[in-house]
Amino acid sequence: MDGSVTGGAVLPAVVHWPAGYGGLRDTIRQEVIARQLDEQISARYPVGQRLRILDAGMGQGTQALRLARAGHTVTGLEADPELLKAARESLATEPAGIRERVRLIEGDGRETGVHFLPGSFDVVLCHGVLMYADEPDALLAGLARMLAPGGLLSLVVRNGEALAMRPGLAGDWSGALAGFDTDVYTDDNGVKVRADRLDALTSTLAGIAAPLHAWYGVRVFTDGIPAETGLPAAEELDRLLAAEERAGRTDPYRRIAALLHLCGVRG
């Protein structure tokens, strides 16, 4: 297994963008990850099968709600009370049929053994969480135990091999030089957190019996834009997303993406 992804999605002429994505940078992240995740789910499960999904560290629930709308039963785990409140408020606006498929729990990914039995889920998401974990290997091992045999672990992390890109493209040469020699960066909230590298995570996933099946890059071209940048016109946004999606599955571009999306499969 070389972790490669072949083929490409055919985009519709007009994309109907879901509400709640926010600015352009977040829109690209959420939509590209959604398409990559759907590709992996479609390749593993029959069309129409209702999956049991755990979103550990779900944030405001963007992916959790999207998957519930697709017919899956989703459990969202979130430790931040404000984010959990936002997710509950979003869920409250959904039709009853969708609300009944979603369970929201206050807690974090280290507590999966408290709430669930091993093998309880077909798909486990851990998006944008690992960089804040004090013991990332233990966190991932706990999440992998929640997967049924053949289940899919979807992991999104900051790419430790691309930390020089954002400051370099912004003309911050000191920051770019520093990015070559560190796995630590400052997030948008001013918090110093850790980035991860593909080779190290490949070894970790193999060690927890969820070896890497496929991987993608996320935000190759748009990571350096200000977070508050709004969306362009629909046709321009479609082209931008098409470029990001293709770059995220194509070497060498995906290797310098801001984020990595790794998909492991429980042995």
Side-chain angles (χ1 to χ4, degrees), residues 1-5 33-34 36-46 49-59 61-64 66-68 72-80 102-160 183 193-218 259-267:
M1 192 283 302
D2 65 1
S4 63
V5 181
I33 289 171
Q36 294 165 351
L37 180 60
D38 287 351
E39 179 177 74
Q40 292 302 312
I41 289 175
S42 297
R44 299 202 63 76
Y45 299 101
Q49 180 175 340
R50 179 173 291 186
L51 301 176
R52 303 163 298 163
I53 298 177
L54 172 64
D55 190 349
M58 66 172 181
T62 302
Q63 295 295 337
R66 185 187 69 82
L67 290 163
H72 306 300
T73 58
V74 182
T75 300
L77 197 60
E78 177 53 55
D80 187 313
V102 180
R103 178 188 180 196
L104 303 181
I105 300 173
E106 185 169 357
D108 65 33
R110 297 171 298 180
E111 301 171 352
T112 51
V114 175
H115 299 289
F116 318 111
L117 294 174
S120 295
F121 298 97
D122 303 302
V123 179
V124 172
L125 314 184
C126 182
H127 295 176
V129 174
L130 203 65
M131 58 276 287
Y132 300 101
D134 295 330
E135 298 179 347
D137 289 0
L139 170 63
L140 290 178
L143 295 177
R145 283 194 292 271
M146 296 299 105
L147 284 169
L152 179 68
L153 175 62
S154 172
L155 177 64
V156 177
V157 302
R158 187 73 180 184
N159 184 6
D183 287 330
V193 290
R194 191 195 68 259
D196 291 280
R197 295 175 182 265
L198 178 63
D199 289 347
L201 285 175
T202 300
S203 297
T204 298
L205 291 173
I208 61 173
L212 184 67
H213 175 72
W215 69 276
Y216 307 85
V218 178
L259 306 172
L260 298 176
H261 182 192
L262 292 83
C263 299
V265 174
R266 183 70 168 170

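Quick note: residue numbers are just sequence positions, from 1. For clarity, every value in this text was computed on a predicted model and none was experimentally measured.
- Comment: Asp55 does not engage Arg66 in a salt bridge, judged by the lack of any side-chain N to carboxylate O separation of less than 4.0 angstrom.
- Side-chain N or O atoms of Thr73 include one that pairs as donor or acceptor with a backbone N or O of Leu51 at under 3.5 Å.
- For the residue pair Glu78 and Gly57, the shortest heavy atom distance occurs at OE1-C, 3.4 Å.
- Side-chain contact check for Pro136 versus Arg194: some heavy-atom pair is nearer than 4.5 Å.
- For CZ of Arg197, the number of neighbouring non-hydrogen atoms (other residues, nucleotides, ligands) closer than 6.0 Å is greater than 12.
- Taking CG of Leu153 as the reference point, atom SG of Cys263 lies at 8.0 Å (rounded to 0.5 Å).
- Leu155 is not listed as a side-chain neighbour of Leu143, based on a closest heavy-atom distance of 4.5 Å or more.
- The CZ atom of Arg44 sits 11.5 Å away from the CD atom of Gln49 when rounded to the nearest 0.5 Å.
- Here the options are Asp137, Leu201, Thr204, Val156, the test is side chain to side chain contact (heavy atoms under 4.5 Å, CB included), and the partner is Leu130; only Leu201 passes.
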For this session: Begin from the C-alpha positions of Ile53 and Thr75 and carry the test side chain to side chain contact (heavy atoms under 4.5 Å, CB included) through to its verdict.
Result: CA-CA 6 Å; Ile53 298 177; Thr75 300; over 6 Å; no

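- The two atoms that bring Asp196 and Leu260 nearest to each other are O-CD1, 4.5 Å, heavy atoms only.
- Of the possible donor and acceptor atoms, none in the side chain of Asp183 sits under 3.5 Å from a partner among the backbone N and O of Ala195.
- Nearest heavy atom pair, residue Ile208 against residue Leu140, reads CD1-O, 3.5 Å.
- Annotation: the span from Leu262 atom CG to Thr202 atom OG1 amounts to 6.0 Å, rounded to 0.5 Å.
- The two atoms that bring Arg266 and Arg145 nearest to each other are NH2-CA, 4.2 Å, heavy atoms only.
- Between Val157 and Leu259 there is no side-chain heavy-atom pair separated by less than 4.5 Å.
- With Tyr216 as the partner, the side-chain hydrogen bond (donor to acceptor under 3.5 Å, both in side chains) test is satisfied by one option alone out of His261, Gln36, Gln40: Gln40.
- Listed here is the closest heavy atom pair of Leu104 and Met58: CD2-CE, 3.5 Å.
- The minimum heavy-atom distance between Asp122 and Tyr45, with the atom names listed, is O-OH, 3.0 Å.
- The NE2 atom of His72 sits 5.0 Å away from atom CD1 of Ile41, with the distance rounded to the nearest 0.5 Å.
- With a 4.5 Å cut-off on side-chain heavy atoms, Arg158 and Val193 do not count as touching.
- The shortest distance between side-chain heavy atoms of Val129 and Leu139 falls below 4.5 Å.
- Shown here are the ring-ring contact (aromatic ring centres under 6.0 Å, His included) partners of Phe116, two or more places apart in sequence or in another chain: Phe121.
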